[in-house]
4 protein chains.
Amino acid sequence: MARPRVNKKQDILQAATGLFAAQGFDGTTTLQISKEAGITEPVIYYHFKGKDDLFTRIIITAFAKFFSQMDTLPSKTETEFEKIENLISLHLDIVKEMPDEIYLAVSTCPSRLKDPEGICRRSVREMRRRLKAYLAGCLEKGIRQGEFHSVPLDATVNLLSALLNGLIRQRGLKLKEVKGVKETAVEFCRRSLVKNAFGHR
Amino acid sequence: MARPRVNKKQDILQAATGLFAAQGFDGTTTLQISKEAGITEPVIYYHFKGKDDLFTRIIITAFAKFFSQMDTLPSKTETEFEKIENLISLHLDIVKEMPDEIYLAVSTCPSRLKDPEGICRRSVREMRRRLKAYLAGCLEKGIRQGEFHSVPLDATVNLLSALLNGLIRQRGLKLKEVKGVKETAVEFCRRSLVKNAFGHR
Amino acid sequence: MARPRVNKKQDILQAATGLFAAQGFDGTTTLQISKEAGITEPVIYYHFKGKDDLFTRIIITAFAKFFSQMDTLPSKTETEFEKIENLISLHLDIVKEMPDEIYLAVSTCPSRLKDPEGICRRSVREMRRRLKAYLAGCLEKGIRQGEFHSVPLDATVNLLSALLNGLIRQRGLKLKEVKGVKETAVEFCRRSLVKNAFGHR
Amino acid sequence: MARPRVNKKQDILQAATGLFAAQGFDGTTTLQISKEAGITEPVIYYHFKGKDDLFTRIIITAFAKFFSQMDTLPSKTETEFEKIENLISLHLDIVKEMPDEIYLAVSTCPSRLKDPEGICRRSVREMRRRLKAYLAGCLEKGIRQGEFHSVPLDATVNLLSALLNGLIRQRGLKLKEVKGVKETAVEFCRRSLVKNAFGHR
DNA sequence: CATGAATGAGATTTCATTCAT
DNA sequence: GATGAATGAAATCTCATTCAT
């Protein structure tokens, strides 16, 4: 009878995500968010502490989702490079899955990294920690087992992080895209890392 | 008696660059800039059209400097890979040369890419155009002459751009740095692109 | 306990009208208006788009009131001159009814007539259109029926408009007033327009 | 050899008159005036006390010119109505002679009439004094000598002032003009004032 | 006389946030 | 839970006016 009790909190989050992504955090007003969400401004303050809190929740949720997907990547694979391949895939797929969130993180976080307690800084730190653990694990094992060339560990982790970050940004910012990004990235890394990469393919 | 003839316009630009880099464009007020520059607020408006103009000038100057350095990269080299190596070096060196400008560009531009006439969008477009021309040139020639593997052109240009962007961002954002970034990046690319990369080194 | 439910929007309009009239539009600040209206500055912006909007509303309302009164002037009268008499009366009476509005229109509009889309220009144009229609109607009919001398139509409409405008301004600007303005104006016009004006009175 | 030493003071006055007329006093900045006059801002302050002073001089000069022309109207004429005719002509001709000055006075003075010591108020007062003296003189004599109908003196002076003011405004504001304004005005008044106006013409 | 540069004072406007109901 | 109305605090920008030279 009553209109289906929609989840206003979710409406607000969605509206905010879209607007933040489209106009930037500072460029978006709470009034716009309320209108987009079909509610009035004070409702935002009923559900959230304020505009900053809104942003925080969005970022937390987005990173949590990413981390959770990262956690489900198979830990047992035939080769170590497969794990790296999976990580590349995850990075590129996640953008398709939550484009606004990624765009928001990619476009807004950089200018907020200065605050050491801010959610951006904390999230990025955690992200790096996880990436490093994941990649260092693969590389170390792969090198030990003779699958990979003997590359410097830290610097290569760093490089792969930079590459992944560059790729996710490229896609997140909706810059013009070329075909075969994922395959090319994978092959580029394979040739560089895997011994006898040329014999197999 | 006469106050040292300082160039206030430069002072303002410098103060603005630092503050924008440290706090973001929106997070910086003209009052802060004026104080940092040791002048009063209206002086900003005497020399510049407004806050946006300040930002525009900074970005224009930074990109111009980068482009000019890119233009002086040697166009004749023994191998094509050397050119790519030079480009990587340039990217990593330029950050050291104008850290605030790069940080500003890297942290503020993403959120301003929506405006198709904005200076960020225009600069990034030009940047991509130049990178693409440079890289596509190297790759094509290198492949034709048998120096490089036969990689897909557009996608590899794209990938290298992403990598360079990731590297510059990593450094520009002053994230923790590891040793040997440049060498690692160069070797990573060499192994992936150059035939017989393993025989020589 | 509850503060008397005053209509703040009306308070603002009233305060603005008075101040604009007394000090001119440019000479009046939003702060003054807010103080006069017993509210804080932002309230103005809650109810109106801005200072210009305030002015626009006042002018629109004033002209609308005038036009509406003009529309209620009797269209059937014994003589055509009576209609002109009614118009003169209306002009002089309206000033008493909304002195500030008239003063504002009379004192501020002239300097804003340049903007072809501004409310002043549009209102004055509409005013002239209506005056012309009204007067030309009377004169034409009066001449045709032999009530009036055969005067040139357009030029006389023009002249009567100038006279009415001069009268309304004189009164609107609160310049010193003499007795019998209305009667004198009516008789002046009657003698000039009506045949045998001297026989009857 | 040197460029002919133009009178910069005059240039400034001229520029200011034009700009004030075109954009209003408050809408015109001293910077605009200086540019229009081909000088720099401080030069204005060398020649004048400030922006207000500029306005004052313009108004004083314009009124002085008008008054001086009024003083040269023939004091001996065959009929008293001729004097009124002359006054009407003067009003309409003066606009052609100094359109910007008149436009400025007509459009800007109304909003400045409140200040009893301001130049506008003083000029308008003087204007009214002179008009009244002139018109009252004509009417009184005309009535005494049987040339005019026996109209109420003060009120008719008032009415004629309003008419003249209305006419000058109409023309000064560059509103659309009809043909035969002057003749129509003269005849309108003649019919109303002069006995046997219909026998003669 | 003239100017490039500067400034004090303030104007309009915006916006996140909060009451009172 | 929700809202219409309100506000404190500030931000950007303007401008007449003045120095130092």
Side-chain angles (χ1 to χ4, degrees), chain A residues 5 8-9 12 25-34 37-55, chain B residues 1-3 5-9 12 25-34 37-54, chain C residues 1-3 5-9 12 25-34 37-54, chain D residues 5 8-9 12 25-34 37-55:
Chain A
R5 228 24 357 262
K8 299 208 175 178
K9 199 167 173 179
I12 294 170
F25 179 80
D26 289 301
T28 300
T29 70
T30 48
L31 184 61
Q32 289 176 317
I33 297 171
S34 70
I39 45 123
T40 57
E41 268 182 299
V43 179
I44 296 174
Y45 291 85
Y46 178 78
H47 290 292
F48 302 93
K49 271 193 230 138
K51 201 183 162 189
D52 266 311
D53 187 33
L54 256 179
F55 178 74
Chain B
M1 187 64 68
R3 257 187 295 153
R5 200 93 277 301
V6 283
N7 192 340
K8 300 210 175 175
K9 201 166 170 179
I12 295 169
F25 179 81
D26 289 305
T28 301
T29 72
T30 48
L31 185 60
Q32 290 176 318
I33 297 172
S34 71
I39 48 138
T40 57
E41 250 185 312
V43 180
I44 296 174
Y45 293 86
Y46 179 75
H47 290 291
F48 301 91
K49 271 194 227 132
K51 204 182 159 191
D52 265 310
D53 188 33
L54 258 177
Chain C
M1 187 65 66
R3 254 186 296 153
R5 199 92 279 301
V6 283
N7 191 337
K8 299 210 176 176
K9 200 167 172 179
I12 294 170
F25 178 82
D26 290 303
T28 300
T29 72
T30 48
L31 186 60
Q32 290 176 318
I33 297 171
S34 70
I39 47 138
T40 58
E41 253 184 311
V43 180
I44 296 174
Y45 293 87
Y46 179 75
H47 290 291
F48 301 92
K49 272 196 225 130
K51 203 182 159 191
D52 264 311
D53 187 34
L54 258 178
Chain D
R5 219 57 311 281
K8 300 208 174 179
K9 199 168 172 179
I12 294 169
F25 178 82
D26 289 302
T28 300
T29 71
T30 49
L31 184 61
Q32 289 177 317
I33 297 171
S34 71
I39 46 123
T40 56
E41 267 183 298
V43 180
I44 296 174
Y45 291 85
Y46 178 79
H47 289 293
F48 301 92
K49 270 192 229 140
K51 202 183 162 190
D52 267 311
D53 187 33
L54 256 177
F55 179 74

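Here the structure is a predicted model, which is why all the values come from computation and not from measurement. Note on naming: letters A, B, ... go to the chains in the order of the sequence lines (proteins, then strands), and numbering restarts at 1 for each one. Below, each value reflects all heavy atoms present in this structure, side chains not excepted, and no hydrogens, waters or symmetry copies.
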Taking the same atom, C1', in F:dT21 and in E:dC1, what whole-Å distance lies between them? 13 Å
Where do N or O atoms of nucleotides 14-16 of chain E meet protein N or O atoms at under 3.5 Å, pair by pair?
| from | atom 1 | to | atom 2 | distance (Å) |
| --- | --- | --- | --- | --- |
| E:dA16 | OP1 | A:Thr28 | O | 3.4 |
| E:dA16 | OP1 | A:Lys51 | NZ | 3.1 |
| E:dA16 | OP2 | A:Thr30 | N | 2.8 |
| E:dA16 | OP2 | A:Thr30 | OG1 | 2.9 |

Contiguous pairing runs of three or more, Watson-Crick or G-U under 3.5 Å, that involve DNA chain F: E:2-21 with F:2-21
Which of E:dT3, E:dA6, F:dT7 is nearest the side chain of B:Lys8? It is E:dA6
Nearest-0.5 Å distance that lies between atom CD1 in A:Ile12 and atom CG in A:Leu54: 7.0 Å
Does the side chain of A:Thr30 come within less than 4.5 Å of A:Tyr45's, by heavy atoms? yes
Kindly say whether B:Thr28 contributes a backbone atom to a donor-acceptor pair with the side chain of B:Lys51 at under 3.5 angstrom? yes
Does NZ or CZ of B:Lys8 come closer than 6.0 Å to the centre of the six-membered ring of B:Tyr46, within 45° of the ring's axis? no
Separation of D:Asp52 atom CG from F:dC15 atom P, in whole Å? 16 Å
Whole Å only: how far is the CD1 atom of D:Ile44 from the C1' atom of F:dA16? 10 Å
Contact nearer the 5' end of DNA chain E, comparing D:Gly38 with B:His47: D:Gly38
Rounded to the nearest angstrom, tell me the gap between atom NZ in D:Lys9 and atom C1' in E:dC1. 14 Å
Can a side chain N or O of B:Tyr46 be found less than 4.0 Å away from OP1 or OP2 on E:dA6? no
